[in-house]
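Take a look at the structure below.
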Protein chains: 2
Amino acid sequence: MPPRTHLPVNTESVDDYLKAILELSGPPGERATSNALAGHLGVRAASVTGMLQKLAAQKPSYVKYEKHHGVRLTPAGKMRALEVLRHHRLLERFLHDCLGYSWDEVHDDAERLEHFISERLEDRIAAKLGDPQTDPHGHPIPERNGALPARPEVLLSKWACGVKAVISSVSDRDPSALREMERLGLKPGVAITVEAGTRNATLLVRIGERTEPLRLSQRLAAGISVIAANRRSRQHRKIDY
Amino acid sequence: MPPRTHLPVNTESVDDYLKAILELSGPPGERATSNALAGHLGVRAASVTGMLQKLAAQKPSYVKYEKHHGVRLTPAGKMRALEVLRHHRLLERFLHDCLGYSWDEVHDDAERLEHFISERLEDRIAAKLGDPQTDPHGHPIPERNGALPARPEVLLSKWACGVKAVISSVSDRDPSALREMERLGLKPGVAITVEAGTRNATLLVRIGERTEPLRLSQRLAAGISVIAANRRSRQHRKIDY
DNA sequence: CGACAAATTTAGCCATGCCTAAAAGTATAT
DNA sequence: ATATACTTTTAGGCATGGCTAAATTTGTCG
């Protein structure tokens, strides 16, 4: 039986759904659940179901949807999601580098504008920036063809004690956390070593060349991803996401 | 009796209506008619009526609407319309100056983005450009407080023969006309004199320092506004629009 | 004035995308 | 195997902003 209403056109909402599905289904292409999507998008699960039905009914379709078993992106859907992600991260880099935004200011404006970036604007921004590899938080920018460098990132809170690491990216969702990280010198490329594990939900870490270690709240640590220090040079290898 | 549906929120559509009303009601604050708005916005007159009723029912309201007698902007509406216009023209200047757009390319992207420019982005763009006075087509950019320089512009086709004039602005709606003007050196600031009036819907004009006059099609001439050559220096006087 | 043409408004409908409440399916633990 | 908890879908509704067709108003010309 067809969905109650007719097919949706390609709208901002659709972009948001695709981006959320990309983020919630792991790299291999697992399914994303309605509930997870609802939480991520700030809408009710029932609304998600409705939208997924409509998206799946499109032809060509962006998603493969199986009732009660979640949703996956089709190649076309993955491509579109990566395009929107590229817009977002290019915009963040652009606002930061060309318009003097601090790294805690870029997310909201990029989120709003990402849906309205023409191919032309995308190309001009990328050219102006010299085809940047990452956004200001260290996240890789998908290429125009959809290639996205895969990095063996691990959350700082899961990193082994005593092993040298380098910050590869930080979460861009919490501006106040970003300001705090900025103050502490916690940014992509900086060396970091965990001195002691969780104690009262904090981590004892040594940052860069500093001698005295620092206590990091779980809130901050949860927003930091690292890679092994010696693999830093490999972070530009590209694979299909 | 209240309108059939409830009040509209502040949406892109509303911005488009306000901008259209601003453009269609002359500087003194004349009323704009439903038909003219419909034509300008590319929707049916009935849709315009519906939206005007909803806009007028808002409090505080952006418009003053009298059934069968058109609509006017309230001060708040004028302010909002000028803000959107400022976004549009700043964006055009920005795309042109910072991202290498040609002047026939800027309009469409600016039109799409103008609704999503935060105060922060507006300010950063203006600062980056050094608070520009005009967009690439010569149209004045409203200031943040809503001030807009008034210029005694006249359409080239209405300008008296033999009187020296300076191009003050050109219409940005027709990309192919803009490319043609570019080729002919017809841009803001260039001196122009009408040698002979309409003949087969063309104008004979002398451009800049060139010796041989040129035949301009009515289509091009209709997109060119001029001011008296000696008033050129006064074009930055500000008044409340 | 009266009639016609043009402009405008009303009435009723459609599509999108969200919502709540209730029904149905899935998964887990005894 | 079945009861229960949780997830997901269905059903029905609301708001926005379009549309067409039909009514109504305005304005102009004899």
Between [options], spot the one nearest the side chain of [X], thanks.
| X | options | result |
| --- | --- | --- |
| A:Arg44 | C:dC19, C:dC18, D:dG27 | C:dC19 |
| B:Ser47 | D:dC19, C:dA27, C:dC18 | D:dC19 |
| A:Ala46 | D:dT10, D:dG18, C:dT26 | D:dT10 |
| B:His68 | C:dA27, D:dG18, C:dT9 | C:dT9 |

[N] OP1/OP2 closer than 4.0 Å to side-chain N/O of [X]:
| X | N | value |
| --- | --- | --- |
| B:Thr33 | C:dA7 | no |
| A:Thr49 | D:dT9 | yes |
| B:Ser34 | C:dT9 | yes |

Does the structure place the NZ or CZ of B:Arg124 under 6.0 Å from the centre of the six-membered ring of A:Tyr101, at an angle of no more than 45° from the ring's axis?
yes

Distance check needed: [N] [atom2] versus [X] [atom1], whole Å only.
| X | N | atom1 | atom2 | result |
| --- | --- | --- | --- | --- |
| A:Gln53 | D:dT9 | CD | P | 7 Å |
| B:Asn35 | D:dT25 | CG | P | 18 Å |
| B:Leu55 | D:dG18 | CG | C1' | 15 Å |
| B:Glu66 | C:dT8 | CD | P | 14 Å |
| A:Leu52 | C:dC18 | CG | P | 11 Å |
| B:Leu41 | D:dC19 | CG | C1' | 15 Å |
| A:Leu37 | D:dT7 | CG | P | 14 Å |
| A:Leu24 | D:dT7 | CG | P | 15 Å |

Assign each of B:Lys67 and A:Ala45 to its nearest nucleotide of DNA chain C by heavy atoms, then name whichever residue's nucleotide is nearer the 5' end.
B:Lys67

Select from B:Tyr65 and A:Thr11 the residue whose nearest nucleotide in DNA chain C is closer to the 5' end of that strand.
B:Tyr65

Verify the distance criterion only: is there a donor paired with an acceptor across the side chains of B:Glu105 and B:Ser102 at less than 3.5 Å?
yes

If every non-hydrogen atom of B:Ile125 is compared with every non-hydrogen atom of B:Leu90, which pair is closest and at what distance?
CG2-O, 4.2 Å

Is it true that A:Arg144 and A:Glu122 make a salt bridge, defined as a side-chain N closer than 4.0 Å to a carboxylate O?
yes

Short side-chain to backbone donor-acceptor contact, A:Arg93 and A:Thr134, under 3.5 Å:
yes

